[in-house]
Every structure is written in C-alpha cells, then in structure tokens.
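Comments concern the structure below.
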Amino acid sequence: MTDFADMVEGYRRFRAKGWTEQRERWSQLSQGQDPKVMVVACSDSRVDPMQIFDVAPGEIFTVRNVANLVPPFETSKGYHGVSAAVEFAVTQLEVPEVVVMGHASCGGCAAALSGGFKDSKPGEGGFISDWVGLLDDARDKVKAEFGDGADAKRELEHEAVRVSIANLRTFPFVADREAAGTLKLRGAYFAIADGQLHVMDDDGVFAPA
C-alpha cells in the first residue's frame with residue numbers, strides 16, 4: 001500500500017521525468033489555468049477523473065466529495081465549499097461544460113440507502129449522514145421501486161448524478177448560462193469492476209460511452 005514516503009518517491013520520479021518532459025507546459029500553467037470542463041466527482045480513491053479521462057494537468061477543474069454531490073443553491077452563512085467551486089468554475093473560469101461523475105460501489109450512496117449513520121454524532125458518522133441526506137428523497141423513491149439490494153444501490157448511484165445536476169440548475173448563474181446555451185451539464189458513471197464509463201442522456205438514462 002502507498003504511504004506518504006512512497007508518495008514522495010513518486011514525486012521525485014515525476015520531478016525527474018514528467019515535469020522535465022513537459023517543462024514548457026508547466027511554465028504556461030504557472031501563468032494561469034483555462035480548463036474547458038469542470039468535473040464533480042466522488043472522493044473515492046478508485047475514481048480519479050484525471051486517470052479515467054486521461055487528461056493532463058490544467059485540462060479539467062475538479063471538485064471531489066462524498067458521493068459526488070452538489071447541494072442546492074442557498075445563501076445562508078456557512079462554508080459552502082462545493083458551491084464556491086461551482087461559482088469559481090462557472091463565473092470566473094467560464095467553463096462551457098460541467099460533468100457530474102458517479103461510480104459503482106459508492107460508499108456514500110450505500111450509507112444513504114441504508115441510513116446506517118442516521119442520528120450519529122459528528123465524528124461518529126454524523127457529518128456523513130447530514131451530507132448524504134441530500135439523497136433522502138431519491139433514496140425513498142429508489143427503495144420503493146427496487147428495495148435495498150444491488151439494483152437499488154446502482155440506481156441510487158445514478159440518482160446521485162441526477163440530483164446533483166438538478167441542484168446545479170438551482171444556481172442562478174448556472175441556469176442563466178444553460179438557458180443561453182453557453183453552459184452544458186452532463187452526467188457520467190464509472191463502473192469500477194469493468195472500467196466502463198456510462199454517459200447520461202438528456203432523459204437521465206445511462207449508456208456505455
């Protein structure tokens with residue numbers, strides 16, 4: 001397993017090879033970034049967007065969190081990390097596309113489906129429970145149709161993408177740009193076991209890319 005010492009060794013390999021070979025690109029990136037896509041992905045260690053989409057540094061602006069969730073637009077005081085990332089990508093970097101990418105075997109979606117951390121204290125699952133509470137309505141719908149087995153887990157993973165896209169549309173600056181045709185919202189889903197990416201169509205249906 002990789003620990004921090006292994007990571008430092010990896011950095012040294014990168015510094016000796018990857019950085020050196022692309023020194024001109026890194027010099028350009030030091031002056032600023034101009035990504036064309038924002039990706040909202042899960043924090044899960046198995047689903048790195050840069051690896052899955054085979055992109056270079058500077059090509060995608062990424063925010064990752066438990067279950068790849070975007071909360072709805074709200075103006076209450078607090079630390080709105082995901083909302084700040086969306087605001088920066090859309091209004092400052094002016095990305096023309098935002099992709100929400102879910103994945104198979106998502107622990108956050110599993111927690112939402114099971115309610116296993118319900119009523120837990122912060123530090124004992126409470127933060128997780130509050131966050132995946134964004135999927136409460138979707139969970140109820142999924143359980144009513146699919147129960148709580150493997151099909152339900154996969155469907156809730158798909159629903160997490162749909163919910164996040166719906167929540168993105170509650171941000172006025174997102175909705176305005178989408179209506180004007182300058183911003184496109186997309187959904188995707190990565191199946192870890194077979195390495196297959198699924199892309200969501202305008203009707204919310206996922207199909208292999």
Side-chain angles (χ1 to χ4, degrees), residues 38-44 46-47 49 52 62-76 78-87 89-90 97-120 122 124-172 174-175 178 183-193 196-209:
M38 177 185 187
V39 179
V40 181
C42 186
S43 299
D44 194 298
R46 300 165 294 180
V47 287
I52 292 168
T62 306
V63 62
R64 300 177 69 177
N65 62 59
V66 173
N68 43 264
L69 293 172
V70 176
F73 177 79
E74 58 182 6
T75 58
S76 61
Y79 299 103
H80 303 296
V82 177
S83 299
V86 171
E87 182 179 62
V90 174
E97 294 181 289
V98 177
V99 178
V100 179
M101 184 181 74
H103 70 95
S105 304
C106 179
C109 288
L113 187 66
S114 69
F117 291 117
K118 184 179 180 182
D119 300 324
S120 296
E124 298 176 2
F127 289 126
I128 298 169
S129 180
D130 288 348
W131 180 247
V132 299
L134 289 166
L135 294 174
D136 281 355
D137 290 344
R139 176 204 61 212
D140 293 344
K141 181 175 71 171
V142 167
K143 291 190 77 167
E145 184 173 354
F146 296 94
D148 56 8
D151 289 345
K153 290 179 181 178
R154 183 175 59 255
E155 183 59 26
L156 190 56
E157 290 161 354
H158 288 172
E159 277 292 305
V161 176
R162 300 181 188 114
V163 166
S164 288
I165 289 177
N167 286 345
L168 279 167
R169 291 187 169 117
T170 67
F171 288 75
V174 170
E178 188 179 28
L183 180 65
K184 177 70 176 179
L185 305 182
R186 302 186 184 277
Y189 176 85
F190 182 69
I192 295 172
Q196 180 73 60
L197 183 74
H198 299 250
V199 175
M200 191 182 81
D201 66 18
D202 291 340
D203 294 323
V205 178
F206 290 84

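From a predicted model like this one, the values you see are computed outputs, not experimental measurements. When reading the values below, keep in mind they use all heavy atoms of this one structure, side chains included, and skip hydrogens, waters and symmetry mates. All residue numbers refer to positions in the sequence shown, counting from 1.
- Residues Leu135 and Ala160 share a closest heavy-atom pair of CD2-CA, 3.7 Å.
- Taking both residues in full, the closest heavy atoms of Val86 and Val174 are given as CG1-CG2, 4.1 Å, listed atom of the first, atom of the second, then distance.
- The existence of a salt bridge linking Glu155 and Lys143 is excluded, since no basic side-chain nitrogen approaches an acidic carboxylate oxygen closer than 4.0 Å.
- More than 12 heavy atoms of other residues, nucleotides or ligands sit less than 6.0 Å from atom CG of Asn65.
- Annotation: salt bridge (charged side-chain N to carboxylate O under 4.0 Å, His left out) contacts of Asp136 (sequence neighbours excluded): Arg139.
- Applying the ring-ring contact (aromatic ring centres under 6.0 Å, His included) test to every pair with at least one member in residues 141-163, sequence neighbours left out, gives these pairs: His158-Tyr189, His158-Phe206.
- Salt-bridge annotation for Glu178 and Lys184: absent, with no side-chain N of the basic residue lying under 4.0 Å from a carboxylate O of the acidic one.
- Phe73 places a side-chain heavy atom less than 4.5 Å from the side chain of Pro172.
- Residues meeting the salt bridge (charged side-chain N to carboxylate O under 4.0 Å, His left out) test with Asp151, sequence neighbours left out: Arg154.
- Within the 4.5 Å cutoff, side-chain heavy atoms of Trp131 are placed close to those of Pro71.
- Not a single donor-acceptor pair under 3.5 Å links the side chain of Asp203 to the backbone N or O of Val205.
- Residues in residues 105-119 take part in no salt bridge (Lys or Arg N to Asp or Glu O under 4.0 Å) pair, two or more places apart or across chains.
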Practice item. Just do the side-chain contact (heavy atoms from CB on, under 4.5 Å) check on Val90 and Leu183 with the steps written out, would you? Key: CA-CA 8 Å; Val90 174; Leu183 180 65; 4.2 Å; yes
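- Asp148 and Leu113 get closest at one heavy-atom pair: O-CD2, 4.1 Å.
- Nearest heavy atom pair, residue Gly187 against residue Val161, reads CA-CG1, 3.7 Å.
- Note that the CD1 atom of Ile192 and the CD1 atom of Ile52 stand 8.0 Å from one another [nearest 0.5 Å].
- Contacts of Ser120 classified as side chain to side chain contact (heavy atoms under 4.5 Å, CB included), with partners at least two apart in sequence or in another chain: Phe117.
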List the atom pairs, donor and acceptor, that lie under 3.5 Å between side-chain atoms in residues 97-111 and the rest of the protein, sequence neighbours left out.
{"unit_1": "Glu97", "atom_1": "OE2", "unit_2": "Arg186", "atom_2": "NE", "d": "2.5"}
{"unit_1": "Glu97", "atom_1": "OE2", "unit_2": "Arg186", "atom_2": "NH2", "d": "3.0"}

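- Counting heavy atoms from C-beta on, the side chains of Met38 and Val63 come closer than 4.5 Å.
- A 6.0 Å sphere centred on CG of Asp202 holds no more than 12 heavy atoms belonging to other residues, nucleotides or ligands.
- Between the side chain of Asn167 and the backbone N or O of Val70 there is at least one donor-acceptor pair closer than 3.5 Å.
- Heavy-atom minimum distance, Cys42 versus Arg64: O-NE, 2.8 Å.
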